[in-house]
Amino acid sequence: MSRPVKVRFAPSPTGDLHVGNIRTALFDWAYARHTGGTFLFRIEDTDTTRVTDEYIKAAIDTLRWLGLDWDEGPEVGGDNGPYLQSQRLDIYTQWAHTFIEQKDAYYCYCTPQELEAVREAQRAANQAPGYNGHCRELSAEQITEYKAQERGAVVRMRMPEGSTTFDDLIRGEMQFDHRFVPDFVLARADGSPLYTLAVAVDDVLMKVTHILRGEDLLSSTPRQIRVYQAMGLKEQEYPVFAHLPFVMGADNAKLSKRNGEVSIAWYRDKGFLPEAICNYLALLGWSPGDNRESVTMRELCELFTVEKVNSSPARFDMKKLEAINADKIRALSIEDFLSRVLPFLIKAEVITGTPDEIELVKRALPIIQERIIMLSEVPAMLNFLFVQELTIESESLSKVNDADAKVILRRSLKELELVSDWRHTMIEAVLRTSLIDEMGLKPRVAFGAVRIATTGSTVSPPLFESMELLGKEASLARISAALAL
RNA sequence: GGCCCCGUCGUCUAGCGGCCUAGGACUCUGGCUUCUCAAGUCAGCUACGAGGGUUCGAAUCCCUUCGGGGCUACCA
């Protein structure tokens, strides 16, 4: 097996790419990069009723955003294109014909109703459900009769007796008895190809060597191998399979809207960093082996091997994703942090994006960097720096307009007016001396009142730094305003 | 129902016959620190699904059982 590695990620974009898809894409990508092979991206849009252009576009965007760059595929091209199956229909049709000619496949005239009736009977008789081979050996007369009845004909693959054995990189040797792999449909009555045909043909034609995909496809593997055989491949030319375990939702089964969001777009909007998502997902079903939890994309490429992928399913844990995201945010340089956070501030209309605003945001970032889990929290946290009229949150109102608070604020105002060098160290020194040392107040109480007056909330970034950023004029004005309540 | 996959703390995992009185991370609980919130730091809770074997010795190997999941389409 010295052929160069080529791994493919081939989603069927029937919606936004979700967590499970991305975990697969990440492993595909990491394996390709680890081996120095090729990463191929293909769109499986043979189900025209469910796949839309929008979803295809979204899939491409998502992969790009995550940094999972592909060597062959949509937009980048390659020698084995096109990479949208909807543009390869002729190829599949040709192969379907070839299979018919070779007698590997045959036309099946059974109607959906008839097939359903058969399945029903099988269920009732407690038999393995599946096509009964009705049209396997039709006589010329029968065919003419069916045609006369204007029945449609699907192309069905003939499964020979025996079994299919292959070596799954994650699960070991797999064997499927053909008694439980019925003849399957390759092309619809209208001639359009089905997944079973298109995947196999494309993997062969695109020279894919390794197929890492969800374990839901495990039992369809014998069918794919059957197509390889019909295409004339030798066993050593088959791609190698590795079926990845599922990513499941918090409680029960598969990940769904109910237990944690599935759409990667949602995580992006929430302000999860792509590298955090990848880091977290990498740990779902795979482990670097040592105790490290923080993995960069580069390290992932270096360390990732399929053999180390677990065979058991993993539950998606939002809390851990959040913890990793918070870590990654803390590790960001201020410049990087700034560029990532600006879109959130502008979208939330906290700022419009003027150079002055950006400069102030940049100065404020260090004091909020370790206080957020997601970028989407930033607008609410920095809003107080940019509003003209500060509104004090209702729950905190009572704490600034009572008599004790007034005393604190009056004193603070008086002392702060004298501060000429408006830096947080000076502000703190002045306030500490007057409120804590001289008035004997508890820091919590004294600074609490000032905090509410200047930031509008009992929870804020560090007080003195916040006041420095706000500026002397605005700070004093806000204290005065609170006094007037 | 049939076929197939899977089973270590609440969660993700390390473990691949003795190094395991089972390690790490997240979560949770309590303490310290502290201008709020965080961060940091210390401590604690909690696991080999069950039952049989094999072996001097089993989380690690085998069998059974129970539990979870997938497939069973003219979806992918």
Side-chain angles (χ1 to χ4, degrees), chain A residues 10-14 44-47 49-51 108 110-112 115-116 119 122-131 152-156 168 170-171 174-177 179-182 184-190 192-196 198-199 213-221 243 245-246 248 250 252-254 280 283-294 310-324 326 330 367-373 381 428 431-432 435-436 442-452 455 457-464 466:
Chain A
S12 178
T14 54
E44 309 228 325
D45 54 349
T46 53
D47 185 355
T49 60
R50 294 167 66 210
V51 178
C108 169
C110 296
T111 63
L115 295 172
E116 186 48 44
R119 275 193 290 269
Q122 286 165 331
R123 262 194 291 272
N126 223 341
Q127 288 175 319
Y131 187 64
V154 302
V155 178
R156 202 178 274 278
D168 188 287
I170 293 172
R171 289 153 212 278
M174 293 285 112
Q175 188 174 50
F176 290 86
D177 192 317
R179 281 180 301 170
F180 307 110
V181 186
F184 58 97
V185 178
L186 294 169
R188 298 183 179 91
D190 67 4
S192 62
L194 252 29
Y195 169 79
T196 45
V199 249
R213 36 131 73 145
E215 70 168 302
D216 49 333
L217 271 346
L218 185 57
S219 45
S220 86
T221 307
H243 289 92
F246 284 123
M248 302 194 303
N252 47 15
K254 275 186 135 179
Y280 174 66
L283 264 21
L284 240 40
W286 176 83
S287 159
D290 49 26
N291 281 333
R292 88 178 82 184
E293 301 285 334
S294 177
N310 266 103
S311 51
S312 51
R315 246 152 296 259
F316 184 83
D317 181 6
M318 183 71 84
K319 288 286 187 200
K320 186 143 184 179
L321 205 213
E322 289 178 350
I324 290 177
R330 277 175 224 128
I367 62 171
I368 62 164
Q369 193 163 18
E370 66 182 26
R371 280 161 230 277
I372 60 166
I373 290 172
M381 207 165 266
E428 178 168 8
L431 255 22
R432 258 185 211 287
L435 303 178
I436 312 302
K442 285 199 186 313
R444 183 186 190 87
V445 175
F447 300 145
V450 181
R451 181 189 312 283
I452 296 168
T455 71
S457 170
T458 52
V459 178
S460 82
L463 179 59
F464 314 113
S466 296

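Note that this is a predicted model, so its numbers are computed, not measured. Each chain gets a letter, A, B and so on, in the order its sequence line appears, and its residues count up from 1.
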Partner lookup for [N], please. Criteria are Watson-Crick or G-U wobble with both distances under 3.5 angstrom; report none if nothing qualifies.
N: B/U36; answer: none
N: B/G67; answer: B/C6
N: B/A43; answer: B/U29

Any side-chain to backbone donor/acceptor pair from [X] onto [Y]? Under 3.5 Å, distance only.
X: A/S460; Y: A/S457; result: no
X: A/Q122; Y: A/G130; result: yes
X: A/T458; Y: A/G448; result: no
X: A/S12; Y: A/E44; result: yes
X: A/Y280; Y: A/F316; result: no

Using a cut-off of less than 4.0 Å, is there contact between a side-chain N or O of [X] and OP1 or OP2 of [N]?
X: A/R188; N: B/C75; value: yes
X: A/R292; N: B/G24; value: no
X: A/T46; N: B/A76; value: yes

Whole-Å gap separating [atom2] ([N]) and [atom1] ([X]):
X: A/F184; N: B/C71; atom1: CZ; atom2: C1'; result: 14 Å
X: A/E215; N: B/U72; atom1: CD; atom2: P; result: 14 Å
X: A/Y195; N: B/C74; atom1: OH; atom2: P; result: 16 Å
X: A/L218; N: B/C71; atom1: CG; atom2: C1'; result: 9 Å
X: A/R213; N: B/C5; atom1: CZ; atom2: C1'; result: 14 Å
X: A/R119; N: B/C71; atom1: CZ; atom2: P; result: 15 Å

Exercise. Given that A/L217 and A/F176 both sit by RNA chain B, which one's nearest nucleotide is further toward the 5' end?
Worked result: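 Nearer the 5' end of the strand: A/F176.
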For this session: By nearest nucleotide on RNA chain B, pick out whichever of A/K319 and A/F180 is the more 5' one.
Result: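 Its nucleotide being nearer the 5' end, the pick is A/F180.
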For this session: For B/G67 versus B/A58, give the span between their P atoms, rounded off to a whole number of Å.
Result: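 Roughly 28 Å separates the two P atoms.
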Exercise. Quantified in whole Å, what is the C1' atom distance between nucleotide B/G24 and nucleotide B/A14?
Worked result: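 It comes out at 7 Å once rounded to the nearest Å.
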For this session: Report yes if some heavy atom in the side chain of A/T46 is under 4.5 Å from a heavy atom in the side chain of A/S192; otherwise report no.
Result: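 Not touching, per the 4.5 Å side-chain cut-off.
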When all nucleic acid strands are considered with a 4.0 Å heavy-atom cut-off, which category describes [X]: base, sugar-phosphate, or nothing?
X: A/I324; answer: nothing
X: A/T455; answer: nothing
X: A/A323; answer: sugar-phosphate
X: A/V154; answer: base
X: A/R50; answer: base

Exercise. Taking only residues two or more places apart in sequence, or in another chain, which ones meet A/P245 in a side-chain contact (heavy atoms from CB on, under 4.5 Å)?
Worked result: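 Expected list: A/R23, A/R171, A/E215, A/V309.
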For this session: Please determine, by modelled atom types, if A/R451 and A/T455 share a side-chain donor-acceptor pair under 3.5 angstrom.
Result: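 Distance-only check fails for A/R451 and A/T455.
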Exercise. In Å, rounded to the nearest 0.5 Å, how long is the span from CE of A/M248 to CZ of A/R315?
Worked result: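 Going from CE on A/M248 over to CZ on A/R315, the span is 3.5 Å.
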Contact list (N/O, under 3.5 angstrom) for nucleotides 12-16 of chain B vs protein:
residue	atom	partner	partner atom	Å
B/C12	OP1	A/R315	N	2.9
B/C12	OP1	A/R315	NE	3.4
B/C12	O2'	A/L283	O	2.7
B/U13	OP1	A/G285	N	2.5

Exercise. Do you know which two heavy atoms are closest between A/I436 and A/P443, and how far apart they sit?
Worked result: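 Here A/I436 and A/P443 meet closest at CD1-CA, 3.5 Å.
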Seminar exercise, completed: Protein-proximity profile, nucleotides 32-38 of chain B, B/S/- by nucleotide at the 4.0 Å heavy-atom cutoff, equals ---BBBB
